[in-house]
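Side-chain atoms are counted along with the backbone in the values below, which use heavy atoms only and exclude waters and symmetry mates. Start at 1 and go down the list; that is how both ligands and their atoms are numbered.
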Amino acid sequence: MLTNTFRGRDFIAIADFTREEIDTILDTAFQLKLERARGVQHHLLADKTVFLIFYNRSLRTRNSFECGIMHLGGHANYLDSNSVYTPAAAGAEKAYVTERLEDVSKTLSRFGEAIAIRIYGEAAGWNYGQGNDYVRAFAAAADIPVINMEDDKYHPCQGLADVMTIKEKLGNLEGRKIVMSWAYSPSRKKPVSVPQSMMAACSFYGAQLVFARPEGFELDPEQIAFYRANADRYGGSFEETDDMRAAFEGADVVYPKSWASLRHVAPAVPVADWDEQDKLFDAHKDWICDEAIMKLTNPHSLYMHCLPCDRGFEVTDSVIDGPHSVVFDQAENRLHGQKAVMALTM
Ligand code: CP
């Protein structure tokens, strides 16, 4: 018997869920995708409102949530954090400009049925973990589910879409060599949320996970410990390397993207040290996904990216527009995965 363990739950991090629960979300996502193609209409969110609070810009997340909520018969209410009294934590308040985030959360709980939030980078003070603390504080005060639309630690909706896309294209992840790699970019302020959630999701499915990055672009050690433990538990493996070419050798999936160095933001340093980080970035301009490095991968390997990507830096046009690329399937699967999360939790 399937027990619904989801009703009323928050969706903040992949690691908050069991393998069986992630399977259920993915099964639901695949079903909703098929039903959408067949023209089946749903009213699962009829009379329900989801508040979408954005502290950062977005194309995919905002539009996939708004469309997904509409597909399920609900109402999406977009809130730009600057056009409401900006929800702020105690101590970060400014009279009549901000509002204590717990007060916002309790108020919205009286009006609607879910709150989704995106907060990272500048909005979270470039203090690693603060964005996630904000999302969890919203959730603690809310009487309705809170969905993480990306904070400075996690992008669970992206992780779901990533694993869904790999399953869709390769059938399973078991024994597959899946590479998450850092890549150079002139934009140096991207959070670590995508690599951390992608590897968390893949670690449940027996993959040979390889994490490639130059020295200085390591991820949160607690997250790495989670991937290792999970890989062990579910018959996979986890390996870390500073050799991009070795990582790509024989890979079934490659996911090269840029992120900021955790060594150069708080709490590792008192305030973000962008000049020092520039030196680190500039030393690794050769970390690009081009046709030459793709030739090292398996003939039918997948090239993945959460988008937006920095063309000509993280990846060449010939790769992202070429036969290995599945980036628009990934983007589409954001829609189906998030619909599944809302259908189950709301
Ligand atoms: N991948 C992703 O979250 O895209 P947006 O920043 O456009 O929402």
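F217 pairs with exactly one of W287, F281, W259 by the ring pair (Phe, Tyr, Trp, His ring centres under 6.0 Å) rule, that one being F281. Of the residues listed (I178, L302, V179, V194), the one engaging Y255 in a side-chain contact (heavy atoms from CB on, under 4.5 Å) is V194, and it is the only one.
Taking the six-membered ring for Trp and the full ring otherwise, Y96 and Y85 have centroids separated by under 6.0 Å.
Inclusion of R62 in the set of residues having an N or O under 3.5 Å from an N or O of ligand 1 is not warranted.
For the residue pair N298 and K177, no side-chain donor N or O sits within less than 3.5 Å of a side-chain acceptor on the partner. Checked by atom type, the side-chain pair T5/E21 shows a donor-acceptor distance below 3.5 Å.
Taking a cut-off of under 4.0 Å to the non-hydrogen atoms of C306, the atoms of ligand 1 that pass are 1 (N). Near L59, meaning under 4.0 Å from one of its heavy atoms, ligand 1 places the atoms 5 (P), 7 (O), 8 (O). Every atom of ligand 1 with a heavy atom of S58 under 4.0 Å away is listed here by number and element: 5 (P), 7 (O), 8 (O).
Both I166 and V319 are members of a single hydrophobic cluster when ILVMFWY side chains are connected at heavy-atom separations under 4.5 Å.
If you look at R334 next to ligand 1, the close heavy atoms, those under 4.0 Å, all belong to the side chain. At a heavy-atom cutoff of 4.0 Å, ligand 1 is contacted by the side chain of R118 but not by its backbone.
Among E150, H155, R60, the residue whose heavy atom sits closest to atom 3 (O) of ligand 1 is H155.
Nearest protein heavy-atom neighbour of atom 1 (N) of ligand 1: L307 O, 2.9 Å.
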